[in-house]
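What you are looking at is a predicted structure, and each value in this text was computed from that prediction instead of being measured. Protein chains get the first letters and strands the later ones, always in sequence-line order, with residue 1 at the start of each.
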Amino acid sequence: MDNNYLNSLNNQQKTAVSHFEGPLLILAGAGSGKTKVLTTRVANLIFNKKCFGQQILCVTFTNKAANEMRERVLKLINNKSNAVPWLGTFHSLSNKILRKHAEAVGLKPNFTIIDTLDQIKLIRNILEAENIDIKQNPPKQILYNIDRWKNLGLVPSNVTLNKAEVEKAISLKIYKIYQEKLKMMNCVDFGDLILHCVTIFQKFDKIRKFYQNNFKYILVDEFQDTNFIQNLWLQLLVNDNKNICVVGDDDQSIYSWRGAEIKNILNFEKNFKNTKIIKLEQNYRSTKNILSAASSLISNNDSRHPKKLWSEFSEGDKVQIQSFSDGLQEAIFISDQIEKTLIKNTKLNNIAILVRAAFQTREFEERFIRIGLPYRIIGGLKFYERAEIKDAVSYLRLIKHTNDDLAFERIINQPKRSIGESSVKKIHEVARKERLSLFDASLHMIDNKIFKPKTEINVNNFVQNILTWKKISSEIDHVSLLEKILDESGYTQMLINERSPEAESRLENLKELRSSMKVYDNLDEFLENISLQTSLDEEWDGDKINIMTVHAAKGLEFEVVFLPGLEEGLFPHQKSIDDNGHAAVEEERRLAYVAMTRAKNNLFMLFANNRKFFGNKNVDDWMPSMPSRFIDEIDKEFIEITDNVINENNDFEFSQEIQVSSSKNSPGWLRMKKNIENKERVKSIAFCENFTNFTVGEGVKHEDFGEGKIIHIEGNKLLINFKKYGEKKVIDKFVMKLSAD
DNA sequence: TAACAACGCTTTTTT
DNA sequence: AGCGTTGTTA
């Protein structure tokens, strides 16, 4: 192996890579090459025979980051697959450890990891059983409280409520039952993965020492986003040599809502004596304009370590600030920009649209489908969270553990077996009284003739099927088992009978599930990993535009970045401000900073004057909006402002077909400014005049679309069937009556 | 019990 | 718009 890998590093990076003994804190600014440092450091440790690959614990924040890091490390050390087995996320590594010591916390090694939907369902069930009002105690809120306790390392018996927290008493009560239920079902949630590990490390010195001794070196990425329990997990694994290296950037801390504590990084040198601190301040990603714009924004935060990122790159284009009359115009601009200019020089893979909230992706999805640009939405709906996939997995789960009540309840009447709500409720009651799982309660009720005769036959068929499949599950492979179940349960037939496009795509998804299962050796292995799998799609295949939330974009970089929706209330998000005030604004600002610093060459920041919420059934769904404060906070030297607001009275459907370029005549930017000062509400489509002198059936002519006939009228908006263009919505003043002459 | 209509709430960010 | 919950009917 050649030693060139060190030569491509700058001095600070080299120091970081070559520091072997003792705690190391790397403060790495955005784009300063921290992944390179981490991967090279791992390789360097192995080259210098400081340890074996399997003695390195390397923790990343996402699976994506873990995969990328593994790939790069393996490349550096010559492709020995599985040479760094302990590289992964806190959750995946905890999963691995917990499988080995499950009994220590009263679980079987093949426990199931439940997802958020299951968590909420379980909490609902408990609330119902306890006769607690669901409306007054939303399961989501309770789940949030439980998660927070878990992030703080608190098991139910360790939670103490002060006077201000009386309202959490119900959550605490549920938490206790929730944990018991999970144990009974041999399930854990995401939080448990880490919490159980910590419990084991604390309770069993032998186990802890085993891992401490094994991990000669620990590396942690994105350290600014670790929370209390994750930090404790690390502290328990560090041995006396204190060879722990953490990398982070306080300006990129964006997970406080998940319990992330910046103080973990700020106090690191206090926790570990003789910490070596290295700052990486040279940026290798962005042009000077982008970097300066981002730096000027983040300098508005009070609580941060001042730092001076610098770049040897050219100035580049200024950051483009663009305003639009509504979200659709914004989407049209982005797609135009991509189609007209970018597509020539930039691969679609190098273009990203980063949004604050997931719902914003829809606007772009619709636009790209319409004009046929390939795109991918990352982290949207996860494959295994789809209904049909969860159903199929529930069958497998129930076969594996018949006391998995969540799985039981999900599929007992899916496909329909005429076992309705009331029957399920009865099973619940008996299960509670007899302290049985739903499955065993059903058997009990059959034996004791508690069901109505018809229901009994149906329930009996179901449980017998499950038992039969359970029996043969050890004889045939897991893929055949799934096929058999989908076939014999009537699930496939149910979808075929539906004859809808949705059902067809569900069948497709089940096929995909089937092929994805082949990657695993057996059913256990499949079930153990399915929940931690973010997506089974080959997400990064093909040349496509990337659409994702800013959170999901953490750690990634793109040639061109679009940031739509920079409006007060959306970015910064109102809910976050409501909940946490000033601290929240600072975190939102960091989020904007992360978003901006993803861009290498071109950065577009966009906002609309009117934003559509909750569909567009009626005009009330349109909300006037103001540009984000973050736009004002960026130093004007590095930005260029363009106003694309078309005549406000224009109909949004209609404007879809006009080119944006034709309209730079309205002083929208200045008007917006004025509106903010006067605190006036922006005039929006909602206030259009609401009458017209056209009638349904009348023939009309439109400048662009030619002749057509009115088929529906709503206020001053006409639905017209054009001869050439088909049905379109147009505002009345853009069409002329076709007079008899 | 199933099928369907009516209603109301949604959307912050994720392993 | 889309989903889950509630109410109505067969």
Side-chain atoms of A:Phe359 come closest, of B:dT15, B:dT11, B:dA3, to B:dT11
Is any side-chain N or O of A:Ser531 closer than 4.0 Å to OP1 or OP2 of B:dT15? no
A:Tyr144 atom OH is separated from B:dT14 atom P, nearest whole Å, by 15 Å
Worksheet item: Are a donor atom and an acceptor atom from the side chains of A:Asn264 and A:Thr226 found within less than 3.5 Å of each other?
Response: yes
Among the nucleotides B:dT12, B:dT1, B:dT13, whichever has the atom closest to the side chain of A:His573 is B:dT12
Among the nucleotides B:dT13, B:dT12, B:dT15, whichever has the atom closest to the side chain of A:Ser576 is B:dT12
Between CZ of A:Arg258 and P of B:dT15 the distance, given in whole Å, is 7 Å
When rounded to whole Å, the CG to C1' distance for the pair A:Leu98 and B:dT15 reads 15 Å
Quick one: do the A:Lys390 and A:Gln414 side chains pair a donor with an acceptor below 3.5 Å?
no
Closest to the side chain of A:Thr549, out of B:dA3, B:dT15, B:dT13, is B:dT13
From CD of A:Gln141 across to P of B:dT12 the rounded distance in Å is 12 Å
The answer to which of A:Gly420 and A:Glu385 contacts DNA chain B further toward the 5' end, by nearest nucleotide, is A:Gly420
Categorize A:His91 for me: base, sugar-phosphate, or nothing, with a 4.0 angstrom heavy-atom threshold over every strand shown. base
Against the side chain of A:Arg362, the closest entry in B:dT12, C:dG2, B:dT13 is C:dG2
Taking only nitrogen or oxygen atoms into account, show me every contact under 3.5 Å that the protein makes with nucleotides 5-9 of chain C, one pair per line with its distance.
unit_1 : atom_1 : unit_2   : atom_2 : d
C:dT5  : OP1    : A:Arg124 : NH1    : 3.2
C:dT5  : OP1    : A:Arg124 : NH2    : 3.2

Please check the phosphate of B:dT11 (OP1 and OP2 only) for any side-chain N or O of A:Lys140 closer than 4.0 Å. yes
Hits for ring-ring contact (aromatic ring centres under 6.0 Å, His included) against A:Tyr175, two or more places apart or cross-chain, chain-then-number order -> A:Trp149
Winner on side-chain proximity to A:Asn413, out of B:dT15, B:dT11, B:dA2, is B:dA2
Problem set entry | Touch class at under 4.0 angstrom, heavy-atom based, for A:Tyr255 against every strand present | sugar-phosphate
Just call it for A:Lys452: base, sugar-phosphate, or nothing, with non-hydrogen atoms closer than 4.0 Å on any strand.
-> nothing
Among B:dT14, B:dT15, B:dT11, the one nearest any side-chain atom of A:Thr116 is B:dT15
Would you indicate what A:Ser422 reaches in the nucleic acid, counting non-hydrogen atoms under 4.0 angstrom: base, sugar-phosphate, or nothing? sugar-phosphate
In whole angstroms, the gap separating C1' of B:dT12 from CD of A:Glu568 amounts to 15 Å
Of the candidates B:dT1, B:dA3, B:dT14, the side chain of A:Lys416 sits closest to B:dA3
